[in-house]
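Every chain is numbered from 1, with letters handed out A, B, ... down the list of sequences.
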Amino acid sequence: MVNITLPDGSIKSFENIPTGLDVAKSLSESLAGNCVALELDSKIVDLNTPITQDSRIRLITTKDDEALKILRHSAAHVMAEAILHLYKDAKLTIGPVVEDGFYYDIDMPPISEDDFPQIEAEIKKIIQAKTPFERRIVSKAEAMEFYRNEPYKLELISELEDGTISLYQQGDFTDLCRGPHLPHTGFIKAVKLMKVSGAYWRADQTKAQLQRIYGTAFFNKKELKQYLHFLEEAKKRNHRKIGTELDLFSFHDEAPGMPFFHAKGINIWNALIDYWRVEHRAAGYVETKTPIMLNRSLWERSGHWENYRENMYTSVIDETEYAIKPMNCPGGMLLYDIKPHSYKDLPIRAAEIGLVHRHELSGVLSGLFRVRAFHQDDAHIFMTPEQIEDEILGVLQLVDRVYSTFGLGFHLELSTRPEKSIGTTKQWEMATDGLKSALNKYGQDYRINEGDGAFYGPKIDIHIKDALGRTWQCGTVQLDMALPERFNLTYVGKDNEKHRPIMIHRVVYGSIERFLGILIEHFAGKFPLWLAPIQTAILPINDDLLPYANDVKMKLENLSIRAEVDHRTESLNKKIRDAQINKIPLILTIGAKEKESETLSVRTLDGKVKFGLAYEEFLNRVLTHIRERKLEPLEF
RNA sequence: GCCGGCGUAGCUCAGCUGGUAGAGCAGCUGAUUCGUAAUCAGCAGGUCAGCGGUUCAAUUCCGCUCGCCGGCUCCA
């Protein structure tokens, strides 16, 4: 007799030892058809696992979050089987589930996406056969024998403990795997191979180059379709594409990875910086600026010469070695040290929009997201130990204000002491506790990444979530216990003794270039009025009205409203179309009526038109909307 | 840096198995002077990323270099 407790607390009894599937069937046949796995005493296992003693279980159906991972893991096995059918000499390595699907790293000759249809056809055959996944536990010796011709599997097995090794078989294919898996391959209703790339065995460049084949899978075709649609949408919003279309920035072979901003791009840039200054002034920051090139001795002192050298651009001037700064902090240390400080000076919040250069590997460059030259909206806060909590809290609140202005949600992650680190246990405790208590006071949930901190101190990373639900790490608050030490920074305390200040580095936008790229994708190029590169398009109905249109433009520009006259000899319809395509939030058409009555006709991006608007009203509303940095479109 | 893919006019893209390039949009010129998402006609625009090789002949085949894209790795 086995008693099974279900999540709702009800208990079901079975005469013989049941499997998860038996339990499901006893509840309802249709439920059984949708079950993929079983949570048995808080461990997820195969649905056909025998339940040998009284237990608490939860049936996992295709609707549960865990199910998708199981599905994709099984799909990885199916793909591997299909590939082995087609490429006899392929050697399998590992095939995990990733965020949007799965991949399998396989040692085989390079293939391209052109080979996908063939593999997908083979996958389809396997799925249609509805082959069951069967688990079997083997001894280490048996596993070694089974995989005697599979070097990668052997290496994996050698690292496993005897007694914990399981194999999963579907049809003629067997893979070393912890599981769990679907009951049978037929659950995979939609699978698609996405891309292929190279990857090294164990991510080690000295080891074999493998083919990493990415795929994704869903329980139904509709979800796959939705996912593909999401990818399409993301592609449409690609900031590189929109950046070219809207004439915001460009890249040139003469400076790979270093963006050139066009006039319209700089309009957005300046709006971002203006806003940043407003918020930082209000939060008690001062703004500073340090040089771009500093000599070697400084970088030796900061530790960058030793630890960061390969990413730094260097040059010899007057027989002295210089480096272009990859970070602003060492310069910031010098600024702190220009004079002795009292505890009464602290906290000092010194911000700097610093242009840094990092020689990133050529293969990682990617639009504005990953560049070699970028601006950090950096700040160094120097404080006493007692001030840690308040200062961190202050940064979090500032971050909150700034991100909400863009309609960006965010979540927080705390990274603690890594294995390789400097400082004493006591220092780390104090620092980490300071961050934790600030986080608790702030009140939003946060994740902890144990051991993920910098070697010089713990940190809080802020991950924003854009309109498509994608997350990006932008802001970060890092406590630094190394630099104040290396630069021997001090302040004089109440006790008239010298003390070491606590220092944090923090950024809100992170990289302004990258943040701008994220905003372009977040808004799909349709910026809120205050950010729009051109805020108003002025379209004269005919050429005779061009001088008047220019007068209107001057009037707006004098009030710092960014305006552009479409002076082309084109039809009004054409000008309107182009203004709409360029996502200009306010489109003013200028005809004889407007000129005579001194009114405006405003078309907004939703296609609505308001005629005969008084200048006063238009200007008041526009200026207010801009000043308040409203997110929603202005309507008339 | 490594693996794979790619590089044709300002942009988007044609150009079959080698016979020295074409379209749409944008630009310019002319006509049209227009009331809310593309007026018409014409013109101009390319050392086919660069260098080298094979060939009677290379945008096309091969090699190298540079750059871009997707990954690996790294990171803001």
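Along RNA chain B, the nucleotide closest to A/F251 and the one closest to A/R212 are compared, and the more 5′ of them pairs with A/F251. Along RNA chain B, the nucleotide closest to A/L365 and the one closest to A/F374 are compared, and the more 5′ of them pairs with A/L365.
Set against B/G70, B/A76, B/G1, the side chain of A/K195 has B/G70 as its closest nucleotide. Counting only heavy atoms from C-beta on, A/E360 has its side chain closest to B/A76 among B/A76, B/G67, B/C69. When each of B/C11, B/U73, B/G67 is scored by its nearest atom to the side-chain atoms of A/L361, the top-ranked nucleotide is B/U73.
With C1' as the reference atom, B/C74 and B/C13 are 35 Å apart, rounded to whole Å. To the nearest whole angstrom, the two P atoms, one in B/A57 and one in B/G70, are 40 Å apart. Comparing the P positions of B/G53 and B/U29 gives an interatomic distance of 44 Å, to the nearest angstrom. A distance of about 16 Å separates the P atoms of B/G24 and B/A14, rounded to the whole Å. With both ends at atom P, the span from B/G42 to B/A23 equals 12 Å, rounded to whole Å. Nucleotides B/G22 and B/U59, compared at atom P, are 14 Å apart to the nearest Å. Between the C1' atoms of B/A49 and B/A44, the separation comes to 23 Å (whole Å). With both ends at atom P, the span from B/C43 to B/G5 equals 42 Å, rounded to whole Å.
Between the NE2 atom of A/H262 and the C1' atom of B/G10 there is a distance of 11 Å, given to the nearest Å. Atom CZ in A/R372 sits roughly 11 Å away from atom P in B/C66 (whole-Å rounding). Rounded to a whole Å, the CD atom of A/E245 is 14 Å from the P atom of B/A26. When rounded to the nearest whole Å, the span between CG of A/N311 and P of B/C75 equals 9 Å. Between A/D253 atom CG and B/G7 atom P there is a gap of 15 Å when expressed in whole angstrom units. Following rounding to the nearest Å, A/F249 (CZ) and B/G10 (C1') show an atom-to-atom distance of 16 Å. To the nearest angstrom, P of B/G67 lies 11 Å from CE of A/M258. B/G50 atom P lies 14 Å from atom CD of A/E254, rounded to whole Å.
Put simply, the side chain of A/Y403 never gets that close to the backbone of A/Y509: no donor and acceptor are under 3.5 Å apart. Distance alone, capped at 3.5 Å, places no donor-acceptor pair between the A/R506 side chain and the A/Q478 backbone. Judged purely by atom type and a 3.5 angstrom limit, A/T536 has no side-chain atom pairing as donor or acceptor with the backbone of A/L586. A/E513 contributes no side-chain N or O that, together with a main-chain N or O of A/P259, makes up a donor-acceptor pair within less than 3.5 Å. Side chain of A/Y308 to backbone of A/M327: no donor-acceptor contact under 3.5 angstrom is found. In this structure, the side chain of A/S571 engages the main chain of A/K574 through a donor-acceptor pair within 3.5 Å.
Nucleic acid contact class of A/G354 (heavy atoms, under 4.0 Å, all strands): none. Base engagement by A/V371 is indicated by at least one non-hydrogen atom pair under 4.0 Å involving a base atom. When heavy atoms are screened at a 4.0 angstrom cut-off, A/V507 is found touching no nucleic acid atom at all. In this structure, A/R568 reaches the sugar-phosphate backbone alone: every heavy-atom distance under 4.0 Å involves primed, P, OP1 or OP2 atoms, never a base.
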Dot-bracket, 5' to 3', for RNA chain B please: Watson-Crick or G-U pairs under 3.5 Å, [ ] where pairs cross earlier ones, | where the partner sits on another strand, dots elsewhere. (((((((..((((.....[..)))).(((((.......))))).....(((((..]....))))))))))))....
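Partners of A/W472 under the ring-ring contact (aromatic ring centres under 6.0 Å, His included) rule, at least two apart in sequence or in another chain, are A/F369.
Counting distance only, with no hydrogens placed and no angle test, the side-chain atoms of A/R370 and the base atoms of B/C74 include a donor-acceptor pair under 3.5 Å.
Counted within 6.0 Å of CD on A/E419, heavy atoms from surrounding residues, nucleotides or ligands total 12 or fewer; the atom is thus considered open. Counting non-hydrogen atoms of other residues, nucleotides and ligands closer than 6.0 Å to CD of A/E310 gives a total above 12. A 6.0 Å sphere centred on CD of A/E287 holds more than 12 heavy atoms belonging to other residues, nucleotides or ligands.
At least one side-chain heavy atom of A/L92 sits less than 4.5 Å from a side-chain heavy atom of A/Y104.
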Letter by letter from the 5' end, nucleotides 34-45 of chain B scores (B base, S sugar-phosphate only, - none; protein heavy atoms under 4.0 Å) BBBBBB------
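The side-chain ring of A/Y214 is not stacked on the base of B/G71, judged by centre separation under 5.5 angstrom and plane angle under 30 degrees.
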